[in-house]
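Down below is the structure, laid out as C-alpha cells.
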Number of protein chains: 2
Amino acid sequence: MAKTRSTRQRRAVLEELLRAEGTHPTAAELCRRLRRHLPRLGLATVYRNLERLAHASIIQRLEWSGRPCRYDGTPEPHAHVRCLRCGRLEDVPGLDAAPLLRAAKAAKQYEVTGMQLEFLGLCPRCRHRRRRGRADH
Amino acid sequence: MAKTRSTRQRRAVLEELLRAEGTHPTAAELCRRLRRHLPRLGLATVYRNLERLAHASIIQRLEWSGRPCRYDGTPEPHAHVRCLRCGRLEDVPGLDAAPLLRAAKAAKQYEVTGMQLEFLGLCPRCRHRRRRGRADH
DNA sequence: ATAATTGCAAAACATTTGCGGGCAT
DNA sequence: ATGCCCGCAAATGTTTTGCAATTAT
C-alpha cells in the first residue's frame, strides 16, 4: 500500500463531510461546495479521497444502485431511512447496531468489517404530495 | 398503471430466479442462463421484468453501487453478507428482521415499505487467499 | 529528488430508454 | 383490434482510470 500524504484537497474533503453532519452528501455535492475555496478541484479527486477514507473506516459510503453514493462522516454503523421517491437519506435514531454485528459474526465464517442497515419508504413530504420529488436531497 | 400481461419471458425470469434459490443472481447472469431456452432474450427485458417484480414485492432487489444488483426470489426482508473482495452475497440465518422494521416505523414518520440489512466483509475463501477473487458469484 | 496526488478527459460499467415490430388479451 | 411487451441499439448517469503536471515528503 502506498504511503499517504496530507494534501489540501484530502483535508478539505474530510472537513467538509464532517461539517455536513447528518446531511449525507454525494461526491458531487461535496465537490460543488468545496469549489468555493478550491475552484480547480476535480470530481475524480473527491471520489478518490472519499474512497480512501471509507477504506480506512474513517467515514462510511452508503451505496444505492443508479443513484450516486452518499457519504456519512461517522465510522460507526447505524440505521438509515431512504425515501424511494426523492432519494432523501436520514439517520434512524434509537437502533443499536452492535448486537446485529455480533449476531452476524457468530452466524457466518466471514470476517465482518461493516454493515449497512437501510429502511426504504416514503418520507413525510412525499407521502403527502404523491408526486416525484427532487433528488438533490 | 398499465395492465400486466403474462408473457413467456416474464414467466421465465421469475421461474429462473426462484430456481436459483439462495444464489442471488444478477440480471446478466439470469439472462445468460435463460438464453439456453430463449436465445433472443434481451438484457433490457430481464431488467424490465425484474423491476416490475420487485416493485410488486414479489422479489427483492439488492443494491450496491458499482457492482450489478443482485436479486432475491423471496419478498421477506432478511439479512445478507457481502464479500468486499469477490462480491459473493449470501443469506445470514437466525436474524429476525421484523422487530427492526417495527422499530424503524416507530422512530420516523416515514411510510416504511422495506429494508435492507447487509453485512460487509471477507468471505472464508477470500480470507485465506488474500487476492482478488472472481465477481461472478 | 522521489513518488504520491492532482485535474482533466476519456473510459468503463450498470441500468434505462426509444422505437419499430410482435404478441397477449 | 388494441396496446402491452419484446429485442435491439443508443443514451444516461455514476464512478473509475490514464496521463502529464504538480506538490508533499
Side-chain angles (χ1 to χ4, degrees), chain A residues 1-14 16-17 24-32 34-56 59-71 82 84 86-87 89 132 134-136, chain B residues 1-14 16 24-32 34-56 59-71 82 84-87 89 132 134-136:
Chain A
M1 180 73 73
K3 193 175 171 189
T4 256
R5 286 180 187 176
S6 170
T7 63
R8 185 177 322 166
Q9 291 85 341
R10 183 157 301 159
R11 272 175 272 127
V13 166
L14 180 55
E16 186 64 39
L17 181 56
H24 305 298
T26 65
E29 283 165 9
L30 282 171
C31 189
R32 185 165 41 71
L34 288 165
R35 277 189 176 145
R36 288 182 306 202
H37 294 105
L38 295 167
R40 302 227 140 291
L41 181 66
L43 182 54
T45 299
V46 177
Y47 270 109
R48 275 188 285 235
N49 284 319
L50 288 170
E51 183 202 356
R52 196 177 278 258
L53 290 163
H55 193 264
I59 66 172
Q60 287 180 81
R61 173 171 141 148
L62 304 170
E63 319 221 336
W64 207 26
S65 293
R67 301 241 186 152
C69 288
R70 293 186 170 274
Y71 295 84
R82 202 187 288 261
L84 290 170
C86 71
L89 185 68
R132 179 161 293 278
R134 300 189 311 144
D136 64 24
Chain B
M1 182 72 74
K3 193 175 171 189
T4 260
R5 284 182 187 175
S6 170
T7 63
R8 186 178 319 167
Q9 292 84 344
R10 183 157 301 162
R11 273 174 269 126
V13 165
L14 180 55
E16 186 64 39
H24 305 298
T26 65
E29 283 164 10
L30 282 172
C31 189
R32 185 165 40 73
L34 288 166
R35 276 187 176 148
R36 288 181 308 200
H37 294 105
L38 295 166
R40 301 226 141 292
L41 182 65
L43 182 53
T45 299
V46 178
Y47 271 110
R48 274 188 283 235
N49 283 318
L50 288 169
E51 183 202 357
R52 196 177 276 258
L53 289 164
H55 194 263
I59 66 172
Q60 286 180 81
R61 173 172 141 151
L62 305 170
E63 318 220 337
W64 206 26
S65 294
R67 299 238 187 158
C69 288
R70 293 185 171 275
Y71 295 84
R82 201 187 288 260
L84 291 169
R85 214 172 267 251
C86 71
L89 184 67
R132 180 162 290 276
R134 299 188 312 144
D136 63 24

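Within every chain, numbering begins at 1; the chains are lettered A, B, ... in the order of the sequence lines, protein sequences first and strands thereafter. Below, each value reflects all heavy atoms present in this structure, side chains not excepted, and no hydrogens, waters or symmetry copies.
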(request) List in chain and number order the residues that pass side-chain contact (heavy atoms from CB on, under 4.5 Å) with B/Ala12, two or more places apart in sequence or in another chain; answer none if no residue qualifies. (result) B/Leu34, B/Leu38

(message) Could you tell me how far apart B/Asn49 (CG) and D/dC4 (C1') are, to the nearest whole angstrom?
(response) 12 Å

(request) Would you please name every residue forming a side-chain contact (heavy atoms from CB on, under 4.5 Å) with B/Arg10, sequence neighbours left out? (result) B/Thr4, B/Thr7, B/Asn49, B/Arg52

(request) On DNA chain C, check which nucleotide each of A/Ser65 and A/Leu38 is closest to and give me the residue with the more 5' one. (result) A/Leu38

(request) Please list, chain by chain and in numerical order, all residues satisfying side-chain contact (heavy atoms from CB on, under 4.5 Å) with A/Arg35, sequence neighbours excluded. (result) A/Cys31, A/Leu41

(request) Under the side chain to side chain donor-acceptor pair (under 3.5 Å) rule, collect the residues that match up with A/Arg32, sequence neighbours excluded. (result) none

(request) Kindly indicate whether the side chain of A/Pro25, heavy atoms from C-beta on, has any atom under 4.5 Å from the side chain of A/Leu17. (result) yes

Within the sub-3.5 Å range, which N or O atoms of nucleotides 8-10 of chain D have a protein N or O partner, and how far apart are they?
unit_1, atom_1, unit_2, atom_2, d
D/dC8, OP1, B/Arg40, NH1, 2.8
D/dC8, OP2, B/Arg40, O, 3.2

(message) Does C/dT15 have its OP1 or OP2 closer than 4.0 Å to a side-chain nitrogen or oxygen of B/Tyr47?
(response) yes

(request) Can you pull out how bent the helix from C/dA1-D/dT25 to C/dT25-D/dA1 is, comparing the axes over its first five and last five pairs, to 10°? (result) 40°

(message) Expressed as a whole number of angstroms, how long is the span from B/Leu43:CG to C/dT15:C1'?
(response) 8 Å

List, with names and distances, any nitrogen or oxygen atoms from the protein found under 3.5 Å away from nitrogen or oxygen atoms belonging to nucleotides 21-25 of chain D.
unit_1, atom_1, unit_2, atom_2, d
D/dA24, N3, A/Arg5, NH1, 3.0
D/dT25, OP1, A/Ser6, N, 3.3

(request) Could I get the full list of side-chain contact (heavy atoms from CB on, under 4.5 Å) partners for B/Pro68, not counting sequence neighbours? (result) B/Thr26

(request) Only counting residues at least two apart or in another chain, list the ones meeting side chain to side chain donor-acceptor pair (under 3.5 Å) with A/Glu63. (result) A/Arg61, B/Trp64

